[in-house]
Number of protein chains: 2
Amino acid sequence: MSAARHPADSLSGPAEDYLKAIYDLEQTRGAGAATNDIAQRLDIAAASVSGMIRRLAEHGLIEHEPYRGVRLTPQGRMAALRTIRRHRVIESYLATALGYPWDRVHDEAELLEHAASDELVDRMAAAIGEPATDPHGAPIPARDGSVTERPVIALEALGAGAVAVVARVGDEDAARLRYLAELGILPGARVEVVNRAPFDGPLTLRVDGDERTIGPALAAHVLVATPERSLLGG
Amino acid sequence: MSAARHPADSLSGPAEDYLKAIYDLEQTRGAGAATNDIAQRLDIAAASVSGMIRRLAEHGLIEHEPYRGVRLTPQGRMAALRTIRRHRVIESYLATALGYPWDRVHDEAELLEHAASDELVDRMAAAIGEPATDPHGAPIPARDGSVTERPVIALEALGAGAVAVVARVGDEDAARLRYLAELGILPGARVEVVNRAPFDGPLTLRVDGDERTIGPALAAHVLVATPERSLLGG
DNA sequence: CACAAGGTTTAGGGAAGCCTAAACTTTTCT
DNA sequence: AGAAAAGTTTAGGCTTCCCTAAACCTTGTG
Ligand SMILES: [Mn+2]
Ligand SMILES: [Mn+2]
Ligand SMILES: [Mn+2]
Ligand SMILES: [Mn+2]
């Protein structure tokens with residue numbers, strides 16, 4: 001009765017973080033986002049997630065099929081993308097305009113994204129030349145919510161001999177980012193899989209002429225574009 | 001028993017706004033801040049202020065004498081000044097680095113001040129050359145909490161013939177800021193009181209060679225430094 | 001098919017912050 | 001001084017967002 005007719009502009013910080021998490025989960029897994037997955041991503045008890053799910057559904061931002069998962073409504077997707085745009089523009093601005101190291105922009109953006117106005121975010125984007133991706137290679141949605149996700153594949157999924165360009169790395173863990181930077185695994189870097197040990201063993205890579213060995217768990221957080229995929233268009 | 005031994009770094013946004021308000025009230029009024037004044041400044045019911053006062057006192061940030069008012073403890077003053085520094089650095093950065101109009105920096109800073117880290121604020125300050133005052137002329141506290149408040153007097157308090165330099169204007173009301181800018185009443189502007197109508201009447205000023213008339217209510221929000229005061233040192 | 005395991009929701013509770021109404025204290029006015 | 005006015009606090013309630021424990025579905029396995 002009172003559903004779906006709410007201010008909509010004034011989402012709480014926590015609500016915005018839930019929508020972002022649900023958006024991400026919907027993207028990677030094909031289907032709706034599971035309560036447990038949301039809980040894990042946000043480091044919150046599953047029961048608390050159920051509570052927030054109810055509120056978001058009442059506001060018409062998600063649809064909830066009990067015991068089955070949640071999906072964003074068009075309105076919820078728009079809200080998620082607005083927050084994601086803010087997050088990524090802020091990350092980019094901090095790195096480009098203020099010299100922030102790339103392993104620390106994420107935590108700062110995680111809070112600022114809920115406080116910065118659309119106008120501020122637009123001014124930031126303009127000041128640094130409307131970048132297409134954030135410092136970790138993630139695409140920045142446009143003001144209208146449109147995003148062009150490049151076709152990418154996890155570095156972990158490549159076989160020996162494959163050559164690829166790093167498109168994007170997971171940005172949640174600062175220590176991991178520092179380590180990847182040490183290895184030269186940055187967006188735009190060319191990597192070649194020299195060898196792949198069996199039984200989920202480490203990958204030997206050639207990066208910038210140097211040989212590097214990384215475990216599959218780490219390689220799962222590195223997304224790459226392969227020449228074939230680029231040409232075929234995924 | 002559990003008083004005064006708390007994280008202290010993690011103050012809520014509302015708590016920081018209360019501390020700022022109490023700091024301001026302590027400065028202008030000489031004595032402790034009254035519940036009603038805090039309520040009016042924050043646009044919150046007086047009863048709600050009593051509740052927050054209890055919490056802030058439990059955290060050792062203020063001292064409360066019931067029915068008499070509150071005062072900041074040294075710890076509370078430090079927390080207030082840290083938030084004020086953030087607010088004013090952010091205002092300055094928005095105006096200088098991002099071309100924000102001076103009538104809109106305040107509202108944006110009012111939210112960002114609770115989300116920006118000290119490191120971000122320091123980087124902003126460095127990027128614009130460590131300004132001494134914000135766009136409205138208010139002094140920016142240093143990292144260690146030290147502030148040098150210039151001796152100022154309300155323009156409203158000047159008599160006919162007085163000459164002064166605008167030091168600072170109230171920044172809470174955007175429309176008022178736009179009007180003052182229209183009149184040329186900006187920090188640094190030289191104003192001369194040409195005439196003063198009796199019975200709380202309007203002041204006629206000369207600003208930039210132009211004659212301007214403003215009411216005493218508006219003049220109360222313009223703080224000026226007079227030559228004598230500057231020389232005598234207040 | 002039954003049932004254990006895993007995932008999800010409900011029940012009950014707490015802290016923060018806000019509200020209105022009522023009680024209470026202090027100040028001011030007659 | 002006594003009473004009205006002004007200011008403050010307390011009482012009782014509400015929403016949001018979090019928690020743990022218990023009930024409840026769904027699924028996969030024996
Ligand atoms: Mn990020
Ligand atoms: Mn966030
Ligand atoms: Mn301000
Ligand atoms: Mn604020």
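We use all heavy atoms of the structure for the numbers below, so side chains are in, but hydrogens, waters and symmetry mates are not.
Residue-to-nucleotide proximity on DNA chain D shows that, of Pro14(A) and Gly51(B), the 5′-proximal contact is made by Gly51(B).
Which of dC19(D), dT8(C), dT10(C) sits closest to the side chain of Ile44(A) comes down to dC19(D). Listed nucleotides: dT20(D), dT16(D), dT8(D). Nearest to the side chain of Ala45(A): dT20(D). Closest contact between the side chain of Ala34(A) and the listed nucleotides dC18(C), dC18(D), dT8(C) involves dT8(C).
His64(A) has a side-chain polar atom (N or O) that falls below the 4.0 Å cut-off from OP1 or OP2 of dT9(C). Taking 4.0 angstrom as the limit, Asn36(B) places none of its side-chain polar atoms (N or O) nearer than this to OP1 or OP2 of dA6(D). Phosphate contact (OP1/OP2 of dT10(D), side-chain N/O of Ser50(B), threshold under 4.0 Å): absent.
Nucleic acid contact for Ser48(A): base, since at least one base atom lies under 4.0 Å from a heavy atom of the residue.
Comment: Lys20(B) does not engage Glu16(B) in a salt bridge, judged by the lack of any side-chain N to carboxylate O separation of less than 4.0 angstrom.
Shortest non-hydrogen contact noted between Gly69(B) and His64(B) is O-CD2, 3.6 Å. Contact detail for Pro131(B) and Ala125(B): the closest heavy-atom pair is CD-O, 3.9 Å.
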Anything under 3.5 Å between a protein N or O and an N or O of nucleotides 27-29 of chain C, put it in a table, one pair a line.
{"unit_1": "dT27(C)", "atom_1": "OP1", "unit_2": "Arg68(B)", "atom_2": "NH2", "d": "2.9"}
{"unit_1": "dT27(C)", "atom_1": "OP2", "unit_2": "Arg68(B)", "atom_2": "NH2", "d": "3.4"}

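For Glu172(B), the CD atom is densely surrounded, since the number of other residues' heavy atoms within 6.0 Å is greater than 12. Residue Glu63(B) qualifies as open at atom CD: its count of foreign heavy atoms under 6.0 Å is 12 or below.
Remark: Arg123(A) qualifies as a cation-pi partner of Tyr100(B) under the 6.0 Å distance and 45° angle criteria applied to the six-membered ring.
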